[in-house]
Protein chains: 2
Amino acid sequence: MTRYSRQTRMLVAIDCIIFGFDGQDLKLLVIKRGFEPEKGKWSLMGGFVQPDEGFEEAASRILKVLTGLEGVYMEQLFAFGNPDRDPMERTISVAYFALIDINAYRQQLSEEYRAEWISLSKLPRLIFDHAEMVAQAQARLRYKAAIHPILFELLPQKFTIPQLQILYEAVYDTVFDKRNFSRKVLSTGLLVKQKDKERASSKRGAFYYKLDKRKYSAKFHAFLNFVADPGKLN
Amino acid sequence: MTRYSRQTRMLVAIDCIIFGFDGQDLKLLVIKRGFEPEKGKWSLMGGFVQPDEGFEEAASRILKVLTGLEGVYMEQLFAFGNPDRDPMERTISVAYFALIDINAYRQQLSEEYRAEWISLSKLPRLIFDHAEMVAQAQARLRYKAAIHPILFELLPQKFTIPQLQILYEAVYDTVFDKRNFSRKVLSTGLLVKQKDKERASSKRGAFYYKLDKRKYSAKFHAFLNFVADPGKLN
DNA sequence: CAGTTAATTGTATAATTGACATTTAATTGT
DNA sequence: ACAATTAAATGTCAATTATACAATTAACTG
């Protein structure tokens with residue numbers, strides 16, 4: 001058994017773009033990098049792919065270490081391979097983006113990494129090509145959320161329609177008509193009205209809704225057109 | 001300057017899923033592999049990423065070697081990183097899919113690789129995880145072509161509406177209503193009617209159309225809804 | 001109990017989609 | 001010359017969906 005000689009081997013990293021929603025703004029989970037190069041600078045959470053590890057596996061491991069969470073929504077975003085993206089040594093990075101319920105996040109587990117939720121509008125400079133990764137992830141989020149019901153992954157199990165609308169408005173940085181918005185989301189048949197109300201943010205209170213899990217799984221990949229043409233906004 | 005020690009370096013390959021359309025069927029350009037392992041078996045065209053080469057660059061290089069073509073439509077599909085996808089040595093692969101006008105393909109340049117166009121419906125067994133790559137590329141093509149005008153990349157500069165319809169029907173393996181189809185594509189404003197006709201395939205002849213390049217560039221990323229919900233077909 | 005706030009619900013119009021048939025241009029055979 | 005044939009091009013109606021816009025209701029506050 002010969003091996004592929006004369007070919008260059010490279011480091012393979014995973015970087016995670018982790019989105020959260022605090023009820024007002026879209027946020028990103030970033031850390032202060034703990035090792036050289038760029039030690040102490042803001043960075044995405046990442047790590048190297050291990051010898052017997054696939055990409056999904058590696059991404060899940062990294063996400064778990066940082067957030068303590070498993071089974072969260074995650075998808076491969078893009079593989080970044082610019083030869084000089086890491087000044088130290090040729091390193092390619094497979095970026096994953098994840099959507100998590102910010103309330104389920106356990107801060108204590110990640111003290112070690114000095115992780116922080118930062119609003120997308122107030123991001124500091126990030127190392128390497130991480131800003132590009134974030135921009136691309138945000139574009140993908142907008143693209144995908146226009147067609148598929150993925151934003152529910154950012155909300156707790158019980159949520160109100162006004163909360164959902166604030167989320168959509170944060171993602172697209174625009175405002176939607178209340179009446180048309182609720183009609184649209186209700187018409188998907190994905191929501192189940194609860195009997196209790198959320199009472200913190202208004203006098204009248206807004207009814208909670210939950211996802212109909214069966215229909216959600218079934219329609220997750222269907223084309224639902226939540227937003228007509230996200231490219232035309234802004 | 002220390003390097004990242006204790007981390008495994010891996011081979012990084014590019015594999016190209018190259019689609020073409022012969023007027024009837026969607027085809028894939030595959031080669032007989034010229035080296036071990038799996039020498040002589042059907043394979044996607046690929047190669048290793050070189051030390052000073054980015055992914056796009058590498059993919060373009062590989063595509064050029066096989067087809068002689070430059071400037072063709074290409075996008076990153078997915079990074080495949082299963083630990084045992086290549087039995088010889090840990091190799092990750094960044095897959096690109098490309099759409100080319102099959103008529104512009106220069107066969108002579110690739111004699112060396114024994115390349116062949118094979119209908120998607122008659123694909124032989126492919127090495128490694130290449131079949132999975134093809135399946136994923138086909139899914140992406142269907143997904144994307146439902147929303148964006150990418151299928152024009154498979155046609156020559158001048159084409160007729162019936163030809164375009166046959167292409168869409170091949171991609172979605174279904175039939176569309178002639179009247180509604182032409183109304184839909186013409187309503188995009190992307191097509192410019194020519195004065196001459198294609199006369200080979202009918203007595204009356206069908207008018208040629210060309211893409212309005214300005215509008216095509218402008219609307220390439222817009223949501224145009226060519227196919228309502230590709231998931232619901234089949 | 002009046003005033004305030006935000007949730008909920010409704011309606012009319014325009015635009016788009018989907019189903020369906022007829023007319024037209026050009027060739028072929030008589 | 002003309003009838004037959006073939007596939008292209010075009011038109012209409014009903015149903016659905018999108019958009020713009022306003023009134024009502026529940027629950028708290030003073």
Parallel, tilted or perpendicular: which one describes the rings of [X] and [Y], with boundaries at 30° and 60°?
{"X": "B/Y216", "Y": "B/F152", "result": "perpendicular"}
{"X": "B/Y168", "Y": "B/Y172", "result": "parallel"}
{"X": "B/F97", "Y": "B/F19", "result": "perpendicular"}
{"X": "B/Y143", "Y": "A/Y143", "result": "tilted"}

Between [N] atom [atom2] and [X] atom [atom1], what is the distance in whole Å?
{"X": "B/L186", "N": "C/dT16", "atom1": "CG", "atom2": "C1'", "answer": "16 Å"}
{"X": "B/Q194", "N": "D/dA9", "atom1": "CD", "atom2": "C1'", "answer": "17 Å"}
{"X": "A/N225", "N": "C/dT17", "atom1": "CG", "atom2": "P", "answer": "10 Å"}
{"X": "B/Q163", "N": "D/dA7", "atom1": "CD", "atom2": "C1'", "answer": "13 Å"}
{"X": "B/D177", "N": "D/dG11", "atom1": "CG", "atom2": "P", "answer": "15 Å"}
{"X": "B/N180", "N": "D/dA14", "atom1": "CG", "atom2": "P", "answer": "16 Å"}
{"X": "B/I166", "N": "D/dA7", "atom1": "CD1", "atom2": "P", "answer": "11 Å"}
{"X": "A/F223", "N": "D/dT17", "atom1": "CZ", "atom2": "P", "answer": "17 Å"}

Between [options], spot the one nearest the side chain of [X], thanks.
{"X": "B/A206", "options": "D/dA8, C/dA7, D/dA20", "value": "D/dA8"}
{"X": "B/R204", "options": "C/dG18, D/dT29, C/dA25", "value": "C/dA25"}
{"X": "A/K203", "options": "D/dA18, D/dC28, C/dT17", "value": "D/dC28"}
{"X": "A/F207", "options": "C/dT8, C/dA26, D/dA18", "value": "C/dT8"}
{"X": "A/K193", "options": "D/dA27, C/dT9, D/dA9", "value": "C/dT9"}
{"X": "B/P162", "options": "C/dT17, C/dA6, D/dA8", "value": "D/dA8"}
{"X": "B/R179", "options": "C/dG18, D/dT6, D/dT10", "value": "D/dT10"}

Looking at every strand, decide which applies to A/K178 at a 4.0 Å heavy-atom threshold: base, sugar-phosphate, or nothing.
-> base
With heavy atoms under 4.0 Å as the rule, sort B/S182 into base, sugar-phosphate or nothing.
-> base
Mark yes or no for a side-chain to base donor-acceptor pair under 3.5 Å between A/R183 and D/dT17, with no hydrogen or angle criteria applied.
-> no
For C/dA25, does either OP1 or OP2 sit under 4.0 Å from a side-chain N or O belonging to B/K197?
-> no
Nearest-nucleotide comparison on DNA chain C, the residue closer to the 5′ end among B/K184 and B/G205 | B/K184
For C/dG29, what is the paired nucleotide under Watson-Crick or G-U wobble rules, both distances under 3.5 Å?
-> D/dC2
Kindly determine whether B/L141 and B/I150 satisfy side-chain contact (heavy atoms from CB on, under 4.5 Å), including the steps that lead there.
-> CA-CA 8 Å; B/L141 181 65; B/I150 58 173; 3.8 Å; yes
Thinking salt bridges, do B/D25 and B/K27 make one under a 4.0 Å N-O criterion?
-> no
